[in-house]
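Quick note: numbers below take in every heavy atom, side chains included, and nothing from hydrogens, waters or symmetry partners. Naming convention: chains lettered A, B, ... in sequence-line order (proteins, then strands); numbering from 1 in each chain. The shown structure was predicted, so the numbers you read here are calculated from the model rather than taken from an experiment.
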Amino acid sequence: MLELTYESGTIRVTGDPPSDLPGVEYDERTQSARAPAFRYAELVDALEERGLAYEDRVCSLPSLSLSTAYDLREYQQAALDAWRDAGDRGCLELPTGSGKTVIGIAAMVALGTPALVVVPTIDLLEQWQRELQREFDQPVGRMGGGEQRVEDITVSTYDSAYLRADELGDRFGLAVFDEVHHLGGEGYRDIARLLAAPARVGLTATFERPDGAHEIIADLVGPLVQRVSVDDLAGEHLADYDIKRIEVALTPDERDRYEEHQGTFTDYLKQSNIQLRSGSDYQELVKRSGNDPAAREALLAKQRAREVMMNAQRKVDRLATILDRHRGDRIIVFTAHTDLVYRLSERFLIPAITHETGASERREILERFRDGTYSRVVTANVLDEGVDVPDANVAVVLSGSGSEREFTQRLGRILRPKADGGRALLYELVTEETAEERVARRRR
DNA sequence: ACTGACCGACAACCAGCGGACCCA
DNA sequence: TGGGTCAAGTTCTTGTCGGTCAG
């Protein structure tokens with residue numbers, strides 16, 4: 001008789017198992033057969049299929065009777081159904097503001113098993129905790145932000161989950177990964193490896209990763225089983241929107257500096273005969289810069305060129321006219337550099353939020369933005385994800401990366417349906433005849 | 001309880017023509 | 001003359017996060 005037990009992130013199989021069970025390897029050091037915990041469900045399936053007798057001591061979980069007052073919207077129900085059809089495993093891609101939390105809650109209700117929700121930020125930790133507390137008539141545990149309390153329903157940050165997954169891996173039947181794209185990170189992916197939870201769901205607005213790590217996520221959590229785009233929901237559940245690209249020129253002085261730095265960079269590429277086609281080529285260059293001073297110089301020059309184009313003076317001028325035109329609107333301004341945030345903040349007297357902004361000040365600014373005292377906020381990358389930002393209807397992207405993810409998240413900031421049914425508007429300021437045009441193209 | 005300093009993790013980071021050399 | 005290899009001791013910088021610890 002085989003016996004399965006959970007042991008710090010692995011499933012241990014005792015009783016002389018066949019050597020070809022999925023994921024199972026013989027570990028010389030401990031003289032035992034083990035599989036990584038995330039293959040637990042697969043392992044059980046294989047044993048069943050072959051009719052092998054086994055005793056399952058991996059997790060003995062209580063069954064919870066949960067219910068929710070939420071009524072799922074049509075697309076939310078469809079997403080849940082798709083996930084259930086896929087064997088309670090898989091990822092769902094839905095736009096920011098489409099109610100991903102509600103789907104997570106519905107999944108918990110459907111399975112009625114202890115569940116761990118993993119989130120990237122403290123802000124999200126608190127949001128989930130509040131929701132779950134309100135919805136379910138039982139204690140909600142929390143790991144993160146200075147508290148480590150585990151209950152049958154627990155919300156955790158990725159960091160805390162990473163630290164404790166090996167010890168808690170047998171306590172949950174369902175794992176909910178919010179903003180699941182984070183799970184592709186080198187360290188975070190271990191969380192999903194160490195958990196035995198047979199049921200898993202990943203929620204995100206942007207499943208695919210430029211580094212290809214979504215394939216690892218698909219392996220650990222399950223493949224993408226449902227995709228709902230912004231345009232599917234715009235006009236009904238989300239606001240209609242327009243995107244305006246505005247090209248500005250560099251000043252002659254900026255142009256000189258840009259060409260000089262960009263030249264240094266391209267000269268180096270030419271000289272050393274490097275092909276830059278993909279991210280990995282770029283990584284190659286970064287690697288090289290570790291011991292090749294010329295490569296390092298080239299990278300620094302590229303950085304400076306980027307700074308010049310991202311912080312171009314005429315973008316600031318242009319922002320002035322946009323702010324003028326939208327006097328009555330609620331506006332969020334995004335930049336890539338902290339310096340520029342403070343410059344804009346001083347010039348236009350707009351409250352600024354960067355990573356340097358303390359917790360209390362940040363709370364105060366967002367609170368005043370919410371109640372209407374402030375109608376504008378300027379920020380670097382802080383508000384991209386994982387923060388509950390009050391609604392706005394106009395976003396101005398002064399400078400952004402080529403990242404599709406960043407773009408989607410920023411757009412999501414203005415898409416909550418408007419009370420007056422008005423359209424949301426996103427301005428994208430791009431410097432002409434620079435690499436930024438390419439970058440802007442890449443993100444859509 | 002809150003704050004600031006520290007640490008580590010994560011993500012984005014993407015040219016526009018076209019060498020030099022050795023060896024089989 | 002054509003084809004393979006340059007090249008090594010393992011990684012730029014900036015922005016942001018969470019966890020930890022001291023005060």
Query raised in the report: Could A:Arg423 and A:Asp242 be called an ion pair, given the rule that one side-chain N must be under 4.0 Å from one carboxylate O?
Result: yes

Report task. Report the residue (A:Asp339 or A:Lys287) whose heavy-atom-nearest nucleotide on DNA chain C is the more 5′ of the two. Result -> A:Lys287

Query raised in the report: Think A:His355 has a side-chain N or O under 4.0 angstrom from the OP1 or OP2 of C:dC17?
Result: no

Query raised in the report: Starting at the 5' end of DNA chain C, which residue's closest nucleotide do you reach first, A:Met143 or A:Ala336?
Result: A:Ala336

Query raised in the report: Which part of the nucleic acid does A:Glu186 contact within heavy-atom distance under 4.0 Å: base, sugar-phosphate only, or nothing?
Result: sugar-phosphate

Requested in this report: Using Watson-Crick or G-U wobble geometry with both distances below 3.5 Å, tell me the partner of C:dA8, or none.
Outcome: none

Report task. Starting at atom OH of A:Tyr282, determine the distance to atom C1' of C:dT13, rounded to an integer number of angstrom. Result -> 8 Å

Query raised in the report: B:dC10 P sits how many Å from A:Glu179 CD, rounded?
Result: 16 Å

Report task. Output yes when A:Arg304 and A:Glu297 qualify as a salt bridge under the 4.0 Å nitrogen-oxygen rule, no when they do not. Result -> yes

Query raised in the report: So, A:Glu346 and A:Arg343, do they make that salt bridge, N to O below 4.0 Å?
Result: no

Report summary line: A:Asn291 has its side chain closest, among C:dT13, C:dT10, C:dG18, to C:dT10

Query raised in the report: Taking NZ, NE, NH1 and NH2 as the nitrogens, is one of them in A:Arg347 or A:Asp317 under 4.0 Å from a carboxylate oxygen of the other?
Result: yes

Query - From A:His181, A:Glu93, A:Glu179, A:Arg209, residue fulfilling side chain to side chain donor-acceptor pair (under 3.5 Å) relative to A:Thr204 - result: A:His181

Query raised in the report: When you compare C:dC21 with B:dA1, how far apart are their C1' atoms, in angstrom units rounded to a whole number?
Result: 15 Å

Report summary line: To the nearest angstrom, the CZ-C1' distance between A:Arg296 and B:dC13 comes to 15 Å

Report task. Pick the C1' atom in B:dG18 and in C:dA8, then give their distance to the nearest Å. Result -> 26 Å

Query - B:dA11 versus C:dC12 - spacing of their C1' atoms, nearest Å - result: 14 Å

Requested in this report: Using the C1' atom on both, measure B:dC17 against C:dT11 and round to a whole Å.
Outcome: 28 Å

Query raised in the report: Which residue lies toward the 5' end of DNA chain B, A:Arg363 or A:Phe265, if each is placed at its nearest nucleotide?
Result: A:Arg363

Query raised in the report: Looking across every strand, which nucleic acid part, if any, lies under 4.0 Å from A:Gly358 by heavy atom: base, sugar-phosphate, or nothing?
Result: nothing

Report task. Please state the P separation for the pair B:dC23 and C:dA7 - nearest whole angstrom. Result -> 13 Å

Query raised in the report: Does A:Arg306 put a side-chain nitrogen or oxygen below 4.0 Å from OP1 or OP2 of B:dA12?
Result: no

Query raised in the report: When we call it a touch if two heavy atoms are under 4.0 Å apart, what does A:Leu163 touch: a base, just sugar-phosphate, or nothing?
Result: sugar-phosphate

**Report entry** Selected nucleotide, minimal atom distance to A:Ser160 side chain, candidates C:dG19, C:dC12, C:dT16
**Finding:** C:dG19

**Report entry** Contact under 4.0 Å: A:Arg164 side-chain N or O vs C:dG18 OP1/OP2
**Finding:** no

Requested in this report: Evaluate the criterion side-chain contact (heavy atoms from CB on, under 4.5 Å) for residue pair A:Thr251 and A:Arg314; output intermediate values, then yes/no.
Outcome: CA-CA 7 Å; A:Thr251 63; A:Arg314 285 180 184 149; 4.0 Å; yes

Query raised in the report: Is there a side-chain contact between A:Arg84 and A:Leu111, using heavy atoms and a 4.5 Å cut-off?
Result: yes

Query - Whole-Å gap separating P (B:dC13) and CD (A:Gln283) - result: 11 Å

Query - Nearest-Å distance for atom pair NE2/C1', residues A:His182 and B:dA9 - result: 11 Å

Query raised in the report: With respect to the phosphate group of C:dT13, does any side-chain polar atom (N or O) of A:Lys302 fall under 4.0 Å of OP1 or OP2?
Result: no

Report summary line: Between OH of A:Tyr258 and C1' of B:dA15 the distance, given in whole Å, is 10 Å

Report task. Ignoring backbone atoms, establish whether A:Thr338 has a side-chain N or O less than 4.0 Å from OP1 or OP2 of C:dT16. Result -> yes

Report summary line: Rounded to whole Å, the CG-P distance (A:Leu269 to B:dG18) equals 12 Å

Requested in this report: For A:Tyr188 and for A:Thr266, locate the closest nucleotide of DNA chain B by heavy-atom distance; then report the residue assigned to the nucleotide nearer the 5' terminus.
Outcome: A:Tyr188

Report task. Ignoring backbone atoms, test whether A:Arg288 places a side-chain nitrogen or oxygen under 4.0 Å from the OP1 or OP2 oxygen of C:dT11. Result -> no

Requested in this report: Indicate, with a heavy-atom threshold strictly under 4.0 Å, whether A:Gly184 touches base, sugar-phosphate, or nothing.
Outcome: nothing

Report task. Return no unless some side-chain N or O of A:Thr157 is found under 4.0 Å from OP1 or OP2 of C:dG19. Result -> yes

Requested in this report: Return the value, rounded to whole Å, for the distance between atom CZ of A:Arg362 and atom P of C:dT16.
Outcome: 9 Å

